[in-house]
Q: 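Pasting in a structure now, in structure tokens, and then I'll have a few things to ask.
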Amino acid sequence: MFFKVQIPLIITFIVGAALVIAMFVPHFPFYEANENFSIYFDLIAVFAFILGGGNLLKIHGDRIWRKGRDWKYSIVTVVGFLAMLIVGTLKIGGPPGFTGDVSASDSWFGFMYYSMFVPLQSTMFSLLAFFVASASYRAFRAKTKEATMLLVAAFIILIGRTPLGHYVTGWLPPQLQFLHIPNLSNWILSVPSMAGQRAIMIGIALGIISTSLKLILGIERSYLGGESK
Amino acid sequence: MAHTFELWIGALLTLMIFSFLYKDNPFYKFAEHLFVGVSAAYWMVIGIWSTLMPNLVGRIAPNALQGVINMPEDAQPQYHFIVPAIFGLLMLTRLVERISWLSRWAMAFVIGFAAGTNFTRYLQSDFVGQIYNSMLPLVVVSSGHVAIGATFSAIVLIVGVISALIYFFFSKEHTGAFGATSRLGIWFLMVAFGAAFGYTVMARISLLTGRMQYLGEWLATIF
Amino acid sequence: MPPCREDSDSHASLARFSVPFSAILFLKFARLIRFIPALAVTLGLVIACSFPCVCPAAEPAATPDEAHPVVVPMPAAAPTEIRAADTPDDNGESITVSWVLSADDVPATGTVTGYAIMRCATPDGAYEQVSTAPAQAQEYLDTSVDQGVQYYYKVGAMCGDLVSLSAVVGPVAARQQWLDTRVINLLVIALILIGAIMWYVFQAGKGKKLFIRRIAGIEAVDEAVGRATEMGKPILFIPGIQDMDNVQTVAGLTILASVGKLAAQYETKLDVPVSRSLVMSTARETLKQAYLSVGRPDLYSDDMAYYVTDEQFGYVAAVDGIMVREKPATCFYMGAFFAESLILAETGNSVGAIQIAGTAMPTQLPFFVAACDYTLIGEELFAASAYLSKDAKMIGSLKGQDVGKGIAMFFILLGSIVATVASVSGNSSAAAFSDWLSNLFRLNF
Amino acid sequence: MADDRPDKEQSSRPRKGVIDVLKAIDRRIIFLLITLGVVLPLIFHLVFSVRTSPIVQAIFDKMESLPPGSKVLVSFDYAPSTVPENQPMAEAICRHALAKDFKVYMMAVWATGPPQVDALVTNVIERDFPGKVYGKDWINLGYKAGNQGLINAILLDLKGMYTTDVHGDPIDGFEMMRDVQNLADMSLIVCIGSGFPGVREWVQFAGDPGRIPVAGGVTAVEAPLLYPYYPRQLLGLMGGLQGAAEYESALVLKYPQYKEHAEQAVRLMGPQTVAHLVIIAFVIIGNIAYFGERSRQKRAKKA
């Protein structure tokens, strides 16, 4: 138990507390800890990529081996993964010289990046244009007072964020300019919406501060599997 | 030639993903599985070349990497980087069932790092910073007169922040005046959500425009 | 910039003194002696930059050495009252050198084109030029020092190649400080928050019952798991797409533990695709323990939580595929989300799943609110993770968070009222109080 | 927040009226109309004029106020997926900076950033500023892992993290890097971002602690979230395509010589406007359907 629970808790405490203290104490060892821990974390994150790759091969390899559901598509995943990995890690097909930038656009790796990764990523992302439309069709209905607030705010901003807003209410006399839709939408963003955002931010900050504190002090330890509370 | 080839692959994959909007189909499945494999490898390769090599191997043993990456000629080994290397290797024990518990030590470092950095970051910019930003005069005077519009905005802002904060109170029943204020708070939250949603639509349409232009470019090479 | 800058090259440049540095100067002075000198410096910078240099005709020196500008007697008066001190509140990486302007440093004439900062390890060794500061500057932050090493400084008023040097000042060494006095306010606030949270954690730990209001999203968890059981369909749980370095992911996994226990009790299939391998590791540990704690370790398998890809949209593509193929009855989205939130929630909606979301990503809340049945808004995510854990200490901390909100509300109201009184009445003591109050919450003053 | 979830209702009666048709619109019809709303204006080159709002003008004015030779750091923190929104911002800022003879330092906290820099080099530097010299007028520092940790680190020591530029050449070999130690040497930081880490992290880890002016250009999703930082912590903000179009308008107004290449975002506002119209129409239809349904239910109750 000591090695499985106590040591991790001690490590978390030391690292977390040192980083909090470093905010107030620009002195050895806290300052140095603050500087180095970020880099340490990034390095551990790279090991996590490797762990992820290992798991990906394990999962899809298993599926192919057992001829599980959609196993033929798993071959696509594995082939894509290995091809990209080998070309990139060994810098096959450029960049010129081993020291060059791995993602140089004229290398093989660059080619795979631009011909597959980029279009797939952008297209997946662009599906949002459709989903945002279908979601607004369903959600923006004046069903309750709350839903009406949501609807009205969204509607004004929708119009106000395009040149459309200028055409719709551009004719208003100067004393009613505050009702001009671009002005109104800016007002909504910078006053009531900002008020809501601020309250959310303050609340979140407190939630995070409290959770961080519980983690540092070992009160919250579900990440260890929640043993010995 | 390479560019046309690239454009063709890209355009076909684009159409495969879009086909999902109609319904799930083998083309989408193909694109999806390819994307998973390619992207996992992409992040691994980038991690290796932009971080692992220069910042770990290069720092512990700069001479070992001559000809592999460019290191400053006078680079000295920094042995304290063995610490993250050990943690990283402990992380990999996950792949071996019997000793996988060792990865908890590395996880403990990650959690400690998360807690420490998040604590200070949110305390500073999101808690203290937002309180500071909210302390503004409720009555705005400009050139000797009360500016009605600005005053109204200032009051709405403060009422909004306070009432929405009341909504987040967990340890008090939301009834009576407290409950009414908290309901007002929800309205402000709803306005914030509606505004953000409305604002976002633009971003999403832009993305689609980008894709359509890309397909247009591809079609132009055919006709 | 004055045209005669070209000859005062060496490795220093006036460009260092553009906005950020003047901003630093400004803030430093504001703290030390309040506004006036800093305003003068900033103003001086602007003026100095807009006037060409007019040197009194002086003998051009023999080839000036970069490191040792030739010193010709009396082209311009030397700066006086040189001071050099360790920069306060830092980690020992700089020394602050300050001086009183040369008598000839008048913006209208442009006689003095700048100041040369000279440094040496011994009082009468060969001084090396560290850098230059523009005319009208009264302070220089020397960041090229080694910690703990003693230095001596001279400051020279420059007029073209001609430099008239001040007296020597020193020795001075850069040292690390044990407290950054600029963030004392933050320290106090942090201690109050820590105190409040720990107090209630302690109280709860002693067995004191604390009231927590009902949160719709939390109450729906049980029902949602039950629905999946009835329909004989799986539950999909997404703990966000961020790594373990995000506290929201940790909160999401704590909720996963509770959902896991319910799923084990009801014998319902649970599917947890994740986009980070560290999250996968943790999710497995969490689930294993959850299944064990309700006495169903036989139902647990490592395949429940599996890694997909680190790439955001690759992950979404895969999860969308899982949704349309497995048709889960219930979807949980608990953790940190980005743009994928709406893709997931709309696809989940199209397969008719009941959806419960919780995130502290303000950008994504609108989409979850619009497309999901229940949404835990911001802080409610953390509240839910504490509440569902059924751990008294965790619940106690929620009350501590409420104290934080109370503090925020109190000071926002007080600050605004005092600022209102100050601006309407024009009363100077009200204004001073208002400034003091808002400075309590000011960052990096 | 279950209240704003109006679908999944049971429709109680069999007879099909207009309202039932409206209620049961297949989402694929919405998808089709959105596609047309984007494609048709693209084909027919529909362009609307754009006016600059104060929050964007603030960035433009700040850039105008800096003297030539000022150091401006531009961070490319986005991926190809948000190029339509982010790239015009990055290009407008860099075009403006180079036109004003600033030294431009480009870097990325996102691994996907450097290829966007390459695109910018082709579109802006090679096209409009062929005379600018790499390493003297502009430099590409490339990407480093570390998210906010990287920002934190370069605030204290930029050269410690960036020992080489993106091509792997030693950093001290470049003229414009000689007098740069850390972020405090920058006159302005402009982050063009689309998520985490992004503008918020630049404010939190560079702007606030280092007292360096930070301006941002973000996707429209991020923008409402950043308003609370404006104007005290964040100098100005370009939000989404509209923000980019506004900056371009301001730029072209002052420097008409760049009109030909500098109006990408302005041109893309056409499909934007039409697609918005489609969505607005659907929101109205949705509400008509809802109210029609409700009044019918009320009548049914009375009867």
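Scope of the values below: all heavy atoms of this structure, side chains included, with no hydrogens, waters or symmetry mates.
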Q: Only pairs under 3.5 Å count here: list side-chain donor-acceptor contacts from residues 41-48 of chain B, not counting sequence neighbours, and write none if there are none.
A:
| unit_1 | atom_1 | unit_2 | atom_2 | d |
| --- | --- | --- | --- | --- |
| B:W43 | NE1 | C:E311 | OE1 | 3.1 |

Q: Measuring heavy-atom distances to chain C, does B:T200 have an atom under 4.5 Å in its side chain, in its backbone, in both, or in neither?
A: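 Just the side chain, heavy atoms under 4.5 Å.
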Q: May I ask you to decide if B:F169's main-chain N or O and C:R213's side chain share a donor-acceptor pair within less than 3.5 Å?
A: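 Yes; judged by distance alone, with no hydrogens or angles, the pair exists.
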Q: In residues 152-163 of chain B, which residues are in contact with chain C at a heavy-atom separation under 4.5 Å?
A: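 At a heavy-atom separation under 4.5 Å, chain C is reached by B:I158, B:V161, B:I162.
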Q: Side chain, backbone, both or neither: which part of B:K172 has an atom under 4.5 Å from a heavy atom of chain C?
A: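 Backbone only.
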Q: Can you tell me if C:K405 uses its side chain to pair, donor with acceptor, with the backbone of B:F168 under 3.5 Å?
A: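 Checking the backbone N and O of B:F168 against the side chain of C:K405, a donor-acceptor pair under 3.5 Å is found.
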Q: Going by an N to O cut-off under 4.0 Å, is there a salt bridge joining B:R204 and C:E346?
A: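 Between C:E346 and B:R204 there is no salt bridge, as every charged N stays at least 4.0 Å from the carboxylate O atoms.
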Q: Not counting sequence neighbours, which residues clear side-chain hydrogen bond (donor to acceptor under 3.5 Å, both in side chains) with B:Q130? List them please.
A: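 Result, side-chain hydrogen bond (donor to acceptor under 3.5 Å, both in side chains) vs B:Q130: A:R198.
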Q: Pick one of side chain, backbone, both or neither for B:Y28, based on which atoms fall under 4.5 Å of a heavy atom in chain C.
A: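 Just the side chain, heavy atoms under 4.5 Å.
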Q: Can you see whether B:Y167 engages C:E379 through a side-chain donor-acceptor pair at a distance of less than 3.5 angstrom?
A: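 On atom types as modelled, these side chains do not qualify, holding no pair under 3.5 Å.
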Q: Mind checking salt bridge (charged side-chain N to carboxylate O under 4.0 Å, His left out) for B:E173 and listing every partner two or more places apart, or none if nothing turns up?
A: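 Partners of B:E173 by the salt bridge (charged side-chain N to carboxylate O under 4.0 Å, His left out) criterion come out as none, since no residue qualifies.
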Q: Applying the side-chain contact (heavy atoms from CB on, under 4.5 Å) test to C:T420, which of B:L138, B:L136, B:T151, B:V140 qualifies?
A: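 Result: among B:L138, B:L136, B:T151, B:V140, B:L138 is the only option passing the side-chain contact (heavy atoms from CB on, under 4.5 Å) with C:T420.
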Q: Counting distance only, does the side-chain N/O of B:N118 pair as donor-acceptor with the main-chain N or O of C:Q248 below 3.5 Å?
A: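 A pair under 3.5 Å: no.
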